[in-house]
Every structure is written in structure tokens, then in C-alpha cells.
Amino acid sequence: MADSSESLHMATSPSRGSRRGDLTSSPGRDLPPFEDESEGILGDIIPDEEDGDGEELIGDGMERDYRAIPELDRYEAEGLDEDEDFSELSPGARAEAEAAMRRRDREQGLGMGRIGRGLLYDSEDEDDKRPTKRQRVLAERAADGVAMDGEDEEMIESIENLEDMKGHTVREWVSMAAPRLEIYHRFKNFLRTHVDEHGHNVFKERISDMCKENKESLLVNYEELASREHVLAYFLPEAPAEMLKIFDEAAKEVVLAMYPKYDRIAQEIHVRIGNLPLVEELRSLRQLHLNQLIRTSGVVTSCTGVLPQLGMVKYNCNKCNFILGPFFQSQNQEVKPGSCPECQSLGPFEINMEQTVYQNYQRITIQESPGKVAAGRLPRSKDAILLADLVDTCKPGDEIELTGIYHNNYDGSLNMANGFPVFATVILANHIARKDEGVAVAELTDEDIKAIVALSKDERIGERIFASIGPSIYGHEDIKRGLALALFGGEAKNPGGKHKVRGDINVLLCGDPGTAKSQFLKYIEKVASRAVFSTGQGASAVGLTAYVQRHPVSREWTLEAGALVLADRGVCLIDEFDKMTDQDRTSIHEAMEQQSISISKAGIVTSLQARCTVIAAANPIGGRYDPSLTFSENVDLTEPIISRFDILCIVRDTIDPVQDEMLARFVVGSHIKHHPSNKEGGVASLEEVVLPNTFDVPPIPQELLRKYIMYAKERVRPKLNQMDQDKVARIYSDLRKESMATGSIPITVRHIESMIRMAEAHARMHLRDYVLEDDVNMAIRVMLESFIDTQKFSVMRSMRKTFAQYLAFRRDNNELLLFVLKQLVSEQVAYQRNRYGAQQDTIEIPEKDLVDKARQINIHNLSAFYDSDLFRSNKFSHDAKKKLIAQRF
């Protein structure tokens, strides 16, 4: 009997550890009340709290529990109605009675404080569905992101333990159910509640923008994620494939909550991770980075077409026509069915084309940017796979930043060559950011646009932009002006899609060696958003246009883009233009005017776009420019190619003691200022020497100038409504007359178009929507300077007089007077050399000569000129008593 009571006691008083398994057993007399009812229901038991070893249910004494105990095997007489007969209950009446009894039992249990509601019976009755405390807390937390107090946090195990991975790797940990659910809720909460510094809901706006454009990519900034959810930001680079899958599911739920029927447009929502803090070079990718999220940059060199890739595949059994599947394909291997579940045959199976789901697939090759390759090394390249809506986001020639997962996959050919255990690597792209103008303009912040608009309201913005071109190059104002206009460019026109007129301005720099021609080209390569640099000696005709080669895999003829095609909507820079052979030079005729390249080779007949500005630098025949000859006699270029250049800049290395001294000071000051080991303190005395250059206006910071050029090219479209047509017609006829008389460069109809393009570029520089008279005057001035510089020295002076009114536009009076004064000085020096055979240290000029010359250009008051810094910096002094102007050498 003692044994039986002992077994009874053991059976009816389960320990705390076995509470979960025996929820509906009798509670027993000595069972302590639950500390928290919902905890008892859920059975969230921490293993450490199990006391003792528990009881042994299966063992030697197992049969004892099943022997007969007569004292216990009978019902109590009290409460039994054995004598009365009851009619059978209908189903409805039975359900009603059961519901009433359940309510009574619940109230009694609650009053006793022993048994939690729903512990004795199933709590999911239809009358009174109440969510448990855990469910309520989860719902509240996901909905409004309210921080939980300590007691609630203990209930959801994964909150406080998400960082503690219990000895698992990150990949294993995020694959488990509890951490996975917690990551899902945290990320969903982040998407719903994240606000910027102004209090705007960031992702609400991004999701609505995404849905307006019917896209399926949601960009999440890594820095924002790290600031709010640092645990997710830590897990993401370590286990990117698993984490991104959870993120995609959470993002889809958030999107569908806002737009319930959006799944009809996009089946999946892809979370794209931007601004990953660490940028790896392509050559520094190692085994350490395998299966990690990485960010790298490079230039796209080639890309395949868009192909369909199996996403979810179904098979037909050929014997019984049963449809097997679905099978979800991974990137690395093909998943195939083993046998048919219907007829147990082992095949053959065919892919069911209608029910199989495909996704877009494209493979691109990215190569290190030329500027980032270490000295003496060849650029390395890497393949990347683009899926879903990432396909066709970039094309060959684009410079991109790629964020993706660094994978290895089996490559048979590689293993044959290098022995078995070698794998090829590939980057599975997650996010692509292009570094070109359109994208860069879209990424401009409100502060940037504010700064650009404020800058455009400066009345001397034109001069400031000219002064900012090549700030480390002294002088050459005409070249800087020409290059600035070329960077901004005119407006391309295509009336009715039949006749295309280019909008790009082509520039040719020609002149003596050592006059910074190549430096200008290198500067433009850094400032222009898309620039391709090549040299005449190192570029062939096909290298500049396009070439045909066999594809290494498919062995078919494919077309590869040359420099002009890669520079589409950008700048193509060609140094040593005169060293190119005539054959090669004729290949770019079409590209410079029609802005297309026609190909008919190896059975490929096509036309490629080459809408680029061409800026070329050439040396004269014999090395130095001879001013006694015309331009065409000085340069070994044919007339067709010369007429395609809008601006011709002649650079002469003239000897001027004052200018040479100022140039030397500038160069020395520039070297001291930009020396790597130079400290800030030592430069203070040199600031005034280096910075002013030859313009009187402060230059614009280079980063802001880049943004300004991008913004102007992308957003401003100047119109020609208010243009002075008579003035352009008059100047054209005058130029034609002069060019026939002098026999220098021919003036053609192209030059009218050049003037219009330059006027548009000048208007765009000021962010104006209309071309004004000022723009036309500046275009005429640049055109005339370009034309007059190409003349013989004997013709040049008379031509300057003829066109003096146009050339004086926007020139400071002081500049004009200084030019006149320098001419008088040079005449005096020449006279003294001829007369005395030597030059004196001081040259004196009567003031009357300067006054007479000044009157010819309508300048009557010279006192401001005598007081100017320009007058003093050129070492001139004015003696009012003797009425002399002196210059010391």
C-alpha cells in the first residue's frame, strides 16, 4: 500500500521540468501557483532551472504503475445520477452545455489562483479568443516599436540572446527558427519606424517611389541599419545569403501592407545594401572574403545578353505524364528529381516549360580602374552575376561600385589546368551604383543643389569657372575659356529624327612644347564625369572606333567598343594628335561630326553611337610654331579635320621678362605648396602668390565645380528664342571675306553652328534657359580669337583692329590697357636693341602715346588703371609730373 501511495504521489505531482509535457493532468495538492500564467501555458523553460534528475518513467519499476489498486479503482457515489434516465442531447444543446461548463471551470480556476486559464481545457474556444501575453507583446513591438521592459524581454528568448550565438557560427545561428524570426521582426520594425533627422519616415517614401516606378529593389543604407540595429549590421556581412533572404521576406510584407496588390506587379522584393563601409580592391579579394558581403569598384569591360535562368523548375515524367516539382535551383548546381513518385520510374524527365519559373540572368566582367592599378601591374578583372532587375543597369565603359556576395563555383576547365581542388570565383551582385552624370545628379543632396543655385547667381560666375579650370596651370586664359565651354557643351538637335546636329564642342590645342597641353588634357580627364584618354601613337583606327574579335567561349565574331564609343556622352582626349597616321585619323571624321561609327566587318553591319566631345593636342611641324606661316602650313592636318574643330587654341611660348618671372614664381610656389610633406603653417606667405592666377576672381573648389558641371549638363536646356541672328550673319560674312583674303583656315557653315553651340554652352554655364546677347557676344569673341590666332603675324594686327569691337567684349578696361601698354613697350625695346645693340633695365614710355591708343578703344580715364594691382604687378610705375610710364626689368 505504501508503494501504491508513493506511485500515486509521483504520478500526480509532476516536477517543474515535466510541466510542459503533462499540461492537462491533475494539479495535485502541493503544486505551487504559477508565477506568470502565460509562462505556464507557453512552457518557456530555461534548461538551467531543471531541478534534480527528474523521475524515471521507464525502467525496472515501470509495471508497478499498471497493477490493480481496488481502493482507487472505484468512483465516488457523490454527484452520480445512475438511477435517472436522460434523453440524448442534440449536437447544438451539447455544444451549449459544454461552453457553459468551460466558462464555469475557467472562473473557478481563476478564483482559486492555482490553474491558469486554458490550462485544463483548450483555450481556443470560439466565444472568447484572447491572445496570450507573448503574442500581444510581439504584435505591439512589431507594430509600434515600443521598447520593452526587462520582464517582457525575458519572455522572448531571442531578443536578449540574439548576440549570444551559443557557440554556433553566424551562418548556423541565423538559419535557426528563433533567431530567424527575431531578425525578421527587427528588420520589419526598422523599415516601418526609421526616421531621418527631420523626422520623415525614410522607407515609407522610398517604398512609394519604388512602387511608382514598378520596381522591385529597395535600397537600404548600411550606415542607417548599423545605427539602429547593430546586431543585424554585424550578421549581414558574415552570412549575407541567409540574412538577405530574411530581409527580402520582411520587406515584401512591409510593401504589401502599404500596397496590398503590389505582388501582381513584383513577385519578390529585393533589399539592396548601399554604402557598405569597407571598399575592397579587386586584386585584394582572398579566401577570407568567400561567402562574405563585399564592396568593390571597377570598369565594366564586357557583358552578356540577358538570359533566362531557372528559378523554380518542374519536370514532366515521360512515362506517366506526372508533373514533378517544384524544385528550387541554387546558383551552383542543378537540382534533379531522383524518381517519379507516381510510377517510380527513374526517368527520363523533361522540363515543363509552362510551369517553370525563370529569372533574368546576366554576366558582366569588371576590371580595375586604370588609375588604381599599382605601378608596373596589369589590371585584373572579375566576373559578376546580375539577377532579376539588376540586369542591364550598366554597360561596357561604365565605372561602377558593386556590392555583392563573393562566391566560388566549380569550373571544369580551371580544374583541368590547375589540378582538382581549384575553384573559380564570382561575385553575386546585390547592388550596383554607377558613377556617371545621370546617377550622380540624382544623388546630389539638397545642400549641393542649394550651393549650385547660389553659385549661379554670382554675376561673375563665368570668370570664376574659367579661373577654376586647371588652377595649377598659369596663364592660358583662352584655352581655359575654350575647355570650360567644351565641358558644358551645347544642345544637340534632331528635328523630326531625320537630321542630327551635334551639341558637343571639339577643341584642338596646338603649339610649342612645354606649354602644358598634356596637363590640360589630364586635368579634363579628372574633372569630366566620363573621360577616355588615348595617345596618337598608341591608338589605331579600330582602337578609337570599334573592332571585331572572336568570343573566347562561343567562338563567334563579336563587336568590341573602342575609345570613342566608350566615351559616349563624355569626353575623348587624344594626345599627340599629329602623330596619328592619315588612315587612322580619317576613321574619326564620322565620329566628330555625325557622332556615330558605322561598321561593316565579318558579316556585322551596324552603327554605334559616339556622342562625345573630342579634345586633341598636337605639336606643329618641326616642333615649334612659326608665326610667319599660316596655321595649315604649321600643322600636318588636313582641312576636313581642322574644320571639324570648333575652337582652335594656339599656344605660343613668347619671351616676356615680366611674365616669365611671374610664371617662375607661380611654379615654385605651387611646388612648395603641394609638396606631400609640407605643413599648413609654411604656406601662409605663398598663398597670395599661388592662388590669384591671372584672373581677379576667387576660383571654385574642384569638387563643387564637378557637381556644377554635372547639374548644368543634366538639368539645363537653353533655347535660342532671343538670339541676335543679324549679328551672327554679319560676323560670318566678315570672317568668310577675311579667310578668302588671308588663305588661312577655311571658314565653313560649321563655324555658324560652332558659334551657336558656344552661345548655348555659355548660357548653360549661367544656368539660364534662354540664350541672351551676352552669350552670343562671348561665343563670337572666342570664335574670333580662335580664328585670329591662326593667322600670320603680319595679318594678325590688322585683323585685331577690324574686329576690335567684338574682341573687347567682357574684357576689363585694365586688361585692354595693359595689352596696349605691352605693345608700346615691345616696340620701344625693339627700337633700343636696333639703335644701341642692348636693352636697358628701365623702359620709359610717354603717357601721351598710351592716352592716344586708349582713345581708339573708347577709354578716356586712365587714373583707375594706374592705381590697379594689375599695373603694379607687371612692374609699371607712373610719374605724373614727368608724364612718363616706366617699366623695370
For side chain to side chain contact (heavy atoms under 4.5 Å, CB included), just list the numbers for Cys510 and Asn619, CA-CA rounded to whole Å, side-chain angles, deciding distance to a tenth of an Å, and then say yes or no.
CA-CA 6 Å; Cys510 178; Asn619 287 321; over 6 Å; no
Give me the atom names and distance for the closest heavy-atom approach of [X] to [Y].
X: Arg706; Y: Ala528; result: NH2-O, 4.2 Å
X: Phe645; Y: Val614; result: CE2-O, 4.2 Å
X: Ser381; Y: Thr365; result: CB-CG2, 3.8 Å
X: Ile647; Y: Cys649; result: CG2-SG, 3.7 Å
X: Leu390; Y: Ile432; result: CD2-N, 4.4 Å
X: Leu378; Y: Glu368; result: O-OE1, 4.3 Å

Regarding [X] and [Y], do their side chains bring together a donor and an acceptor under 3.5 Å, going by distance alone?
X: Asp575; Y: Thr535; result: no
X: Gln702; Y: Tyr523; result: yes
X: Arg768; Y: Ser456; result: no
X: Glu399; Y: Ser297; result: no

Carboxylate-amine/guanidinium proximity below 4.0 Å for [X] and [Y]:
X: Arg481; Y: Glu477; result: no
X: Lys215; Y: Glu213; result: yes
X: Arg464; Y: Asp458; result: yes
X: Asp646; Y: Arg502; result: yes
X: Arg764; Y: Glu491; result: yes

Checking [X] side chain against [Y] main chain: does a donor-acceptor pair fall under 3.5 Å?
X: His762; Y: Ala759; answer: no
X: Ser468; Y: Ile700; answer: yes
X: Glu576; Y: Ala618; answer: no
X: Lys707; Y: Ala451; answer: no
X: Arg286; Y: Arg283; answer: yes
X: Tyr222; Y: Ala233; answer: yes
X: Tyr711; Y: Leu767; answer: no

For a 4.5 angstrom cut-off between non-hydrogen side-chain atoms, does [X] reach [Y]?
X: Asn506; Y: Glu593; answer: no
X: His200; Y: Val195; answer: no
X: Ile405; Y: Gln292; answer: no
X: Asp383; Y: Ile364; answer: no
X: Phe520; Y: Ile615; answer: no
X: Met765; Y: Phe466; answer: yes
X: Arg380; Y: Gln367; answer: no
X: Leu720; Y: Tyr770; answer: no

Atom pair [atom1] ([X]) and [atom2] ([Y]), whose distance is rounded to the nearest 0.5 Å:
X: Ile400; Y: Thr393; atom1: CD1; atom2: OG1; answer: 7.0 Å
X: Leu704; Y: Ile709; atom1: CG; atom2: CD1; answer: 10.0 Å
X: Thr403; Y: Leu428; atom1: OG1; atom2: CG; answer: 12.0 Å
X: Leu455; Y: His766; atom1: CG; atom2: NE2; answer: 10.5 Å
X: Lys382; Y: Thr301; atom1: NZ; atom2: OG1; answer: 13.0 Å
X: Cys572; Y: Arg611; atom1: SG; atom2: CZ; answer: 15.0 Å

Other residues, nucleotides and ligands only: do more than 12 of their heavy atoms fall within 6.0 Å of [atom1] on [X]?
X: Lys500; atom1: NZ; result: yes
X: Gln519; atom1: CD; result: no
X: Lys493; atom1: NZ; result: yes

In terms of relative ring orientation, are Phe666 and Tyr474 parallel, tilted or perpendicular, with 30° and 60° separating the classes?
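Geometry flag for Tyr474 against Phe666: tilted rings.
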Let's go through Asp653 and Thr515 carefully: what are the C-alpha distance in whole Å and the side-chain angles of both, what is the deciding distance for side chain to side chain donor-acceptor pair (under 3.5 Å) to 0.1 Å, and is it a yes or a no?
CA-CA 7 Å; Asp653 191 6; Thr515 47; over 6 Å; no
Among all residues two or more places apart in sequence or in another chain, which pass the ring pair (Phe, Tyr, Trp, His ring centres under 6.0 Å) test with Phe247?
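Per chain and number, Phe247 pairs via ring pair (Phe, Tyr, Trp, His ring centres under 6.0 Å) with Phe187.
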Show the numbers, then the answer: is there a side chain to side chain contact (heavy atoms under 4.5 Å, CB included) between Ile473 and His476?
CA-CA 8 Å; Ile473 301 169; His476 299 313; 4.1 Å; yes
cation_pi(Arg206, Phe203) dist<6.0 Å, angle<=45
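The answer is yes, since Arg206 meets both limits relative to Phe203.
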Could you go through the side chain to side chain contact (heavy atoms under 4.5 Å, CB included) check for Asn777 and Arg781 one step at a time?
CA-CA 6 Å; Asn777 290 340; Arg781 177 184 159 188; over 6 Å; no
Show the atom names and distances, to 0.1 Å, of all donor-acceptor pairs under 3.5 Å that link a side chain in residues 270-279 to residues at least two apart or in another chain.
unit_1: His270; atom_1: NE2; unit_2: Glu216; atom_2: OE2; d: 3.2
unit_1: Arg272; atom_1: NE; unit_2: Ser217; atom_2: OG; d: 2.9
unit_1: Arg272; atom_1: NE; unit_2: Asn430; atom_2: O; d: 3.4
unit_1: Arg272; atom_1: NH1; unit_2: Asn430; atom_2: O; d: 3.0
unit_1: Arg272; atom_1: NH2; unit_2: Ser217; atom_2: OG; d: 3.4
unit_1: Arg272; atom_1: NH2; unit_2: Asp389; atom_2: OD1; d: 2.8

Excluding sequence neighbours, so at least two apart, what forms salt bridge (charged side-chain N to carboxylate O under 4.0 Å, His left out) with Glu525?
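Counting only residues at least two positions away or on another chain, Glu525 forms a salt bridge (charged side-chain N to carboxylate O under 4.0 Å, His left out) with Lys522.
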Met580/Ile574 under side chain to side chain contact (heavy atoms under 4.5 Å, CB included): CA gap, chis, key distance, verdict
CA-CA 10 Å; Met580 287 174 74; Ile574 307 171; 4.1 Å; yes
